[in-house]
There are 2 protein chains.
Amino acid sequence: MQVFIEHGYDATSVSSLAERLGLSKSALYHHYASKERLLELALDEAMGSLEAVLREPDATVGSAGERLEHVLRRAVRVLVDKLPFVTLLLRVRGNSEVERSALERRRTFDDQITVLVRAAQAEGSVRGDIRAAVATRLLFGMVNSIVEWYRPAGPEGAAELADDVLAVALDGLRTR
Amino acid sequence: MQVFIEHGYDATSVSSLAERLGLSKSALYHHYASKERLLELALDEAMGSLEAVLREPDATVGSAGERLEHVLRRAVRVLVDKLPFVTLLLRVRGNSEVERSALERRRTFDDQITVLVRAAQAEGSVRGDIRAAVATRLLFGMVNSIVEWYRPAGPEGAAELADDVLAVALDGLRTR
DNA sequence: GTCTATAAAGAGATAGAC
DNA sequence: GTCTATCTCTTTATAGAC
């Protein structure tokens, strides 16, 4: 995973994976059928964790505003906990059946968030002057961008990071 | 550029570029020294346009809050106007000297924005309870994510999109 | 389960004719 | 300025010994 992320999936050779693992290529192929199989397992790990968030009790009961806030906070947590897997997921472009399948799953996830945002708009907890699909994309654009810079070793913890994301996304950067 | 974006730079072969252009590989190599040279030109186009924003009059005079707002609005505009170039830039991972050079330029750009955010915090127009570096990253995480979904053909114009970004980033999604 | 050796295909890039 | 043919290197993946 580390090598995939450092150089990108396509730019990573099986040789370099084997080298980092201290194995020969053949030994690696003994455990995994193909380079793409590694990608498939990683994408499944990422999408599975994200989809699980939507099934949590706090994501299914309560006001739409509260549910959205919970989902956002948990999504940040999944990003941090499964950083390499989600990073890989977010860089997929649909170059193979495995990638296209992951993109489709992601689209379904996004659609469910959009429904949640729309419900929050309907109940009045989220501003209605921005289309739900656009708001969702900007929201998760911010959340997903975390994988580009967040490193667990840094000064900021996952909970603190989630607080910052929620603060900016919901209340904005401007002072009042 | 279109092919690079559809499949990613690494996964794109020179053959596929030539095919899309209706040329042979040799003809393409007559015009450009290498595949990497194409990347270099694209990255330079993207970074040059972004850097130019910081040199505009409205980005250098006035309050820090106003300057930040101007830079954000113009950055969205550059993203939309130079969509393929900026898309490519945002996906660079540092696999070669050309890529590392672009990443370095981008880091400098980010640093200048962070200085601006810090100044806006100091004057009181931006909330001070979030570290400037984190706020900048979340801000541009949202802005940059536009390349993942925005298509000029859609219902939303560039100015309208910038309004939405500014609204969410500065005032937040929550109603008051 | 690990290795060395190698197959088969595709990559980026070039030679040289027209 | 474009082409066909080709070079050289690297890629993913496999064969088969230990």
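Labels below follow one simple rule: chain letters A, B, ... track the order of the sequence lines, proteins then strands, and each chain is numbered from 1. Below, each value reflects all heavy atoms present in this structure, side chains not excepted, and no hydrogens, waters or symmetry copies. As the structure is a computational prediction, the values presented were derived from the model and not from experiment.
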Legend entry - Residue B:Ser15, side-chain atoms from C-beta onward, closest of C:dA11, C:dC3, C:dG1: C:dA11
Inset, instruction - Scan A:Thr12 against the nucleic acid and name what it touches under 4.0 Å (heavy atoms): base, sugar-phosphate only, or nothing. - result: sugar-phosphate
Inset, instruction - To the nearest Å, give me how far apart CG (B:Leu23) and P (C:dG12) are. - result: 16 Å
Inset, instruction - Nearest whole angstrom, please: distance from the C1' of D:dT12 to the OH of A:Tyr32. - result: 18 Å
Legend entry - Nearest-Å distance for atom pair CD/P, residues B:Glu19 and D:dC3: 12 Å
Inset, instruction - Please determine, for the side chain of B:Tyr29, which listed nucleotide (C:dA13, D:dC3, D:dA13) has the closest atom? - result: C:dA13
Inset, instruction - Among C:dT2, C:dG12, D:dT12, find the nucleotide with the atom closest to the side chain of A:Ala27. - result: C:dT2
Legend entry - B:Asn95 CG to C:dG12 P, straight-line distance once rounded to whole Å: 14 Å
Legend entry - Heavy-atom closest pair, residues B:Arg77 and B:Ala158: NH1-CB, 3.7 Å
Legend entry - Flag, side chain of B:Asp10 to backbone of A:Asp10, donor-acceptor distance under 3.5 Å: no
Inset, instruction - Please determine if a side-chain N or O atom of A:His30 lies less than 4.0 Å away from the OP1 or OP2 oxygen of C:dC3. - result: no
Legend entry - Nearest to side-chain heavy atoms of B:Ser24, which nucleotide of D:dA13, C:dC3, D:dT4: D:dT4
Inset, instruction - For side chain to side chain contact (heavy atoms under 4.5 Å, CB included), just list the numbers for B:Arg106 and B:Leu89, CA-CA rounded to whole Å, side-chain angles, deciding distance to a tenth of an Å, and then say yes or no. - result: CA-CA 9 Å; B:Arg106 221 186 120 189; B:Leu89 171 70; 4.3 Å; yes
Inset, instruction - Would you mind reading off the distance between B:Phe4 atom CZ and C:dG12 atom C1', rounded to a whole angstrom? - result: 12 Å
Inset, instruction - Would you kindly give the CG-to-P distance between B:Leu39 and C:dA13, to the nearest whole Å? - result: 12 Å
Legend entry - A:Ser34 and A:Glu36 side chains, donor-acceptor separation under 3.5 Å: no
Legend entry - B:Ser26 side chain, from C-beta outward: closest of D:dT4, C:dC3, D:dT2: D:dT4
Legend entry - Axial cation check for A:Tyr29 ring with A:Lys35, 6.0 Å and 45° limits: no
Legend entry - Spacing of A:Leu21 atom CG relative to C:dC3 atom C1', expressed in whole Å: 16 Å
Legend entry - Distance below 4.0 Å between B:Ser13 side-chain N/O and C:dA11 OP1 or OP2: yes
Inset, instruction - Mind calculating the distance between NZ (A:Lys35) and C1' (C:dG10) to the nearest angstrom? - result: 13 Å
